[in-house]
Amino acid sequence: MPEHRYDPHEIESRWQDVWATEHTWEATNEHDAGGRSSNSYVLEMLPYPSGEPHIGHLKCYAVGDAIAHFHRRLGRRVLHPMGYDAFGLPAENHAIRTGEHPRVSTAESIASFQRQFRSWGISIDWSRELATHEPSYYRWTQWIFLELFGSGLAYRKEAAVKWCPHDQTVLANEQVDAEGRCERCGTLVEVRQLEQWFLRITDYAERLLNDLQEIDWPQNVKTMQRNWVGRSEGAEVTFRCEELGIDYPVFTTRPDTLFGATFFVMAPEHPDVSRLAQGTEHEHSVREYVNVSLNETNEQRGNADKPKTGVALGRTVTNPVNGEQIPMYVADYVLMEYGTGAIMAVPAHDERDHAFARAFDLPIRRVIEPAGGSDAADADVLPYTGDGVLVNSRADFDGLPSREAVSEIVRWLDVEGKGHASINYKLRDWLVSRQRYWGTPIPILYCDSCGVVPVPYDQLPVQLPDVEDYTPKGRSPLAAAEDWVNTTCPSCGASARRETDTMDTFVDSSWYFLRYCDPFNDLAAWSPEALREWMPVDQYIGGVEHAILHLMYARFFCKALADLGHLDFQEPFNALFTQGMVTKDGAKMSKSRGNVVSPASIVERVGADTARCYILFVGPPDQDADWSDAGVEGVHRFLSRLWRLAAETAERAGGPSGPVESPIGAEGDDLVLVRKAHWAIEKVSGDLRRFAFNTAIAAVMELLNDCSRLRDSADVETQRFALTTAASLLFPFAPHVCADIYDRLTGERVWEADWPNADEELLERDEYELVCQVNGKLRDRVRAASNASADELKQLCMAAPNVRAHLDGKQVVKEIVVPGKLVNLVVR
RNA sequence: GCACCAGUACCUUAAUCGGUGAAAGGGCCGGUCUUAAACACCGGUAAUCCGGGUUCGAGCCCCGGCUGGUGCACCA
């Protein structure tokens with residue numbers, strides 16, 4: 001028998017060539033062919049091309065490719081495209097260091113990503129490839145911006161915004177982490193008052209929240225989005241400062257506690273603070289306090305355990321429900337960015353207000369009592385933040401449960417013109433302008449006479465000009481491109497200046513999945529027919545780190561574009577799968593730790609099939625997985641054994657011998673093997689549907705174990721069937737080696753074969769081992785027919801020798817019969 | 001502090017409706033093959049975090065605790 005050696009490199013390049021020359025994975029737009037339900041759009045989040053792909057990319061695309069292959073084999077037309085999120089800071093920072101144009105380094109990175117994706121054998125439709133930095137793409141990003149501008153969804157305003165001193169640009173709220181650090185570089189951000197471009201995502205808060213119900217996404221991602229939108233119901237209530245004649249609205253979720261408001265607090269950033277303190281004895285201390293707080297980081301200020309600080313403003317406001325004059329304070333526990341930047345303080349029923357009142361010796365008045373009497377020992381302890389019954393309020397409100405009191409009081413305030421029901425959101429509008437070079441230019445002009453002027457559609461794209469110096473200086477490097485900046489106003493012909501800020505790169509990636517449907521269209525961003533054919537995405541795959549950023553922005557874009565009549569769906573991604581991280585020695589891979597495993601070196605050593613199978617076999621793909629070289633070896637051995645046994649079997653069968661059918665009338669070891677193959681079909685099909693790739697691969701391992709074990713006792717044709725089935729089932733995970741095995745055994749192409757069907761009859765056994773228990777303990781086992789009745793099973797069990805020994809002299813008081821499994825006799 | 005998820009052999013995972021004496025791969029040990037080793041093949045090894053409860057029966061359900069992870073957190 002000749003030597004059979006598994007040579008992954010030879011096999012992988014051979015099949016990759018076939019797929020490339022035959023354009024196997026390309027999907028054409030056929031409009032009415034088959035209808036949307038027979039199509040499938042499988043998409044992984046587009047990569048940011050920087051250097052080389054890392055192991056996380058391998059995992060993401062291994063998952064996506066398995067799904068894409070599975071859908072194709074189920075008979076669907078699959079769209080599985082690839083592109084690059086090519087604008088962004090790393091390329092620009094590289095340019096600052098080296099002077100090399102970002103276009104050049106970006107092109108190099110893209111080439112390297114392409115090369116590796118091809119070497120992994122991912123079934124990508126390369127004909128639709130795009131990159132967001134190409135004018136043919138960002139022309140339409142600009143078009144969308146203008147559409148949003150035209151409808152008022154893109155606007156300029158001056159606001160307190162987050163500024164990253166390291167990257168020298170403003171950031172969106174979402175791009176600052178909980179500690180107040182820049183999402184990209186980790187620098188503490190500062191707050192600056194600047195005029196910037198915003199997108200009105202807050203208009204969509206309610207829909208972004210409600211429509212989460214419509215989509216099949218992981219619970220934790222939905223929860224994060226809900227938290228980020230941060231909806232709370234309550235009321236806006238006006239407190240009037242009589243001395244200065246100014247009304248201050250506050251937002252509260254507890255209007256039922258209004259009678260317990262004993263003071264009033266403003267955020268240090270509140271624009272009226274200095275004016276209020278002016279001329280009072282507190283003027284100086286207020287100014288000092290405000291200065292100190294403004295210089296504190298979010299990290300310092302945001303700590304709830306920190307003792308409460310603040311100073312009196314020396315003014316009072318009127319509590320609208322009882323006319324009381326209550327003192328005003330400025331304190332840093334009140335945030336300018338939430339609500340109105342001022343609060344009513346109810347120390348008896350709010351932990352923070354309580355802490356402040358204790359520190360400043362302010363009155364604490366209980367207005368809510370826990371319902372159902374105070375039998376609980378801690379019912380009298382303040383602050384009490386739960387619901388209850390009103391006390392110490394107004395005669396007609398006292399005794400009302402909190403919930404009812406909320407609506408009663410709000411109704412009364414409304415009538416009096418002192419307040420109204422209100423819903424508040426944590427979500428802020430999306431700040432999209434950036435003072436950086438390598439991004440999509442914002443297509444806007446400033447004309448002295450016409451003001452803010454959108455660039456006419458027929459002048460798109462506004463091309464990104466070349467510049468000499470990429471260094472950010474607090475304004476975009478584009479400002480230095482005088483020839484480009486100075487232009488003429490399209491409406492009046494006078495001289496005008498271009499907007500020099502570029503767009504947040506998250507704008508680019510908020511619509512790329514639409515462009516894939518119609519990538520060559522140069523008359524429009526897409527045609528409605530193309531979208532009808534593919535959108536929404538059936539299965540989206542990516543890292544959970546985009547739970548809020550990209551995934552929220554993309555949802556917002558679709559809703560806004562749908563409102564503008566450009567889309568006829570509301571949600572871009574019907575189903576989402578978030579893959580877990582790949583760690584090494586329990587820690588995140590990073591250059592500084594020196595624990596980076598490069599996909600290229602793994603592919604070089606053991607081949608792409610092993611790399612892909614390993615990353616999917618190592619554990620459930622939604623969980624983190626620790627990289628282990630020994631585990632890689634194990635999977636490599638498995639593929640070697642599979643290939644060798646298949647090659648040897650093909651030879652014994654006399655070469656490729658055509659399509660293979662499940663053998664009929666098999667007996668003995670042949671039947672065992674045929675059954676195992678059908679069991680594997682059932683198992684892998686189910687596992688693929690629920691993303692349990694690890695167990696799917698384990699099932700094929702089991703099938704291979706039986707093939708090896710029964711190599712000499714089962715018929716060659718049975719072997720051929722079992723191994724063909726193994727290759728067919730493993731193909732979504734290890735496409736090259738499975739294509740090769742399938743070809744050797746049958747002469748056919750596995751990717752053109754239908755997904756196999758399990759024969760129900762072969763899955764059922766006509767006999768099984770019945771477990772016989774006495775008092776829940778296993779005492780014996782007997783063979784039982786599958787169709788035996790409960791009574792027969794009981795008799796069988798009672799007759800079992802070891803059971804009889806345990807029944808001796810005892811009385812059976814209960815019998816539990818589980819057909820197909822066991823009989824349990826309870827005796828006394 | 002609150003919420004969610006997870007704790008199974010040395011490691012990583014599996015166990016569908018609560019139903020056998022808990023399965024797979026890797027590791028390790030031994031054997032066959034080899035001059036020797038690698039590969040391959042055969043065999044062996046070892047576990048339900050702790051404490052209660054429900055049940056004829058619990059890895060699985062309920063309560064409490066411990067450990068780890070993730071998210072939220074001065075959001076009025």
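Here is the naming used below: chain letters follow the sequence lines, and residue numbers restart at 1 for every chain. Since we're looking at a predicted model, the values are computed, not measured.
Summarising the base pairing, B:rC41 is matched to B:rG31 through a Watson-Crick or G-U wobble pair whose two defining distances lie under 3.5 Å. With a 3.5 Å ceiling on both atom-pair distances, the Watson-Crick or G-U wobble partner of B:rU70 is B:rA3. B:rG64: Watson-Crick or G-U partner is B:rC50, with both key distances under 3.5 Å.
Taking atom P in both B:rC60 and B:rC5, the straight-line distance is 16 Å, to the nearest Å. Nucleotides B:rC66 and B:rC74, compared at atom C1', are 30 Å apart to the nearest Å. Taking atom P on both nucleotides, B:rA9 is separated from B:rG43 by 24 Å, rounded to a whole Å. Taking atom C1' on both B:rC28 and B:rU12, the two are 16 Å apart, rounded to the nearest angstrom. On the P atoms, B:rC61 is 38 Å away from B:rC29, given to the nearest whole Å. Taking atom C1' on both B:rA22 and B:rU48, the two are 8 Å apart, rounded to the nearest angstrom. As rounded to the nearest Å, B:rU55 and B:rC17 have C1' atoms that lie 15 Å from one another.
Salt-bridge check for A:D609 with A:R612: failed, with every basic side-chain N at 4.0 Å or more from each acidic carboxylate O. A salt bridge is defined here as a Lys NZ or Arg NE, NH1 or NH2 lying under 4.0 Å from an Asp or Glu carboxylate O, and A:E633 with A:R605 meets this definition. With respect to the salt-bridge test (charged N to carboxylate O, under 4.0 angstrom), the residues A:K683 and A:E702 do not qualify.
Between the CD atom of A:Q719 and the OG1 atom of A:T649 there is a distance of 5.0 Å, given to the nearest 0.5 Å.
Taking atom CG on A:D177 and atom P on B:rG71, their separation rounds to 10 Å, with Å as the unit. Taking atom CE of A:M224 as the reference point, atom P of B:rC75 lies 21 Å away to the nearest angstrom. When rounded to the nearest whole Å, the span between CD of A:E351 and C1' of B:rC75 equals 14 Å. Distance CG (A:L703) to C1' (B:rA24): 14 Å, rounded to an integer number of Å. Rounded to whole angstrom, the span from the CZ atom of A:F693 across to the C1' atom of B:rG25 amounts to 19 Å. When the P atom of B:rG1 is taken as reference, atom NE2 of A:H354 falls 19 Å away, rounded to whole Å. Between A:E815 atom CD and B:rU55 atom P there is a gap of 20 Å when expressed in whole angstrom units. Look at CD on A:E545: it is 13 Å from P on B:rU70, rounded to the nearest Å.
Close to B:rU13, at under 4.0 Å from its OP1 or OP2, lies no side-chain N or O of A:T695. The side chain of A:K426 places no N or O atom within less than 4.0 Å of a non-bridging phosphate oxygen (OP1 or OP2) of B:rC75. OP1 or OP2 of B:rA14 lies within a sub-4.0 Å distance of a side-chain N or O belonging to A:N694. Residue A:R637 places at least one side-chain N or O under 4.0 Å from the OP1 or OP2 atom of B:rG27. At B:rC41, one or more side-chain N or O atoms of A:R641 fall inside 4.0 Å of OP1 or OP2 (strictly under the cut-off).
In this structure, A:V826 reaches the sugar-phosphate backbone alone: every heavy-atom distance under 4.0 Å involves primed, P, OP1 or OP2 atoms, never a base. Here A:K308 lies in heavy-atom contact (under 4.0 Å) with a base. Residue contacts for A:V265: at a heavy-atom cut-off of 4.0 Å it reaches no nucleic acid atom on any strand shown. At the heavy-atom level, A:N705 lies under 4.0 Å from the strands shown only through sugar-phosphate atoms.
Side-chain proximity of A:R644 to B:rA40, B:rG25, B:rC74: nearest is B:rA40. Side-chain atoms of A:I548 lie closest to B:rC72 of the nucleotides B:rU20, B:rC72, B:rA24. Here the nucleotide nearest the side chain of A:I816, chosen from B:rG25, B:rA40, B:rC56, is B:rC56. For A:I343, taking side-chain heavy atoms from C-beta onward, the closest of the listed nucleotides B:rC72, B:rA76, B:rG19 is B:rA76. Taking every side-chain heavy atom of A:A630 into account, B:rG27 is the closest of B:rA40, B:rG25, B:rG27. Residue A:Q773 places its side chain closer to B:rU20 than to any other of B:rA24, B:rU13, B:rU20.
Residue side chain A:N824 reaches the base of B:rC56 through a donor-acceptor N/O pair under 3.5 Å, judged by distance alone. Under 3.5 Å, the side chain of A:E633 and the base of B:rG26 form no donor-acceptor pair of N or O atoms.
Annotation: A:F263 is in aromatic contact with A:F356 [ring centroid separation under 6.0 Å].
Applying the side-chain contact (heavy atoms from CB on, under 4.5 Å) test between A:T610 and each of A:V737, A:V635, A:I602 identifies A:V635 as the sole match.
Partners of A:K584 under the side-chain contact (heavy atoms from CB on, under 4.5 Å) rule, at least two apart in sequence or in another chain, are A:M589, A:N595, A:V597, A:W627.
Nucleotides of RNA chain B nearest to A:E769 and A:V618 differ in position, and the one nearer the 5' end is that of A:V618. Place A:K821 and A:R690 on RNA chain B by their nearest nucleotides, and A:R690 ends up nearer the 5' end.
In this structure, A:D7 and A:W643 have side chains that are not in contact, with every pair of non-hydrogen atoms separated by 4.5 Å or more.
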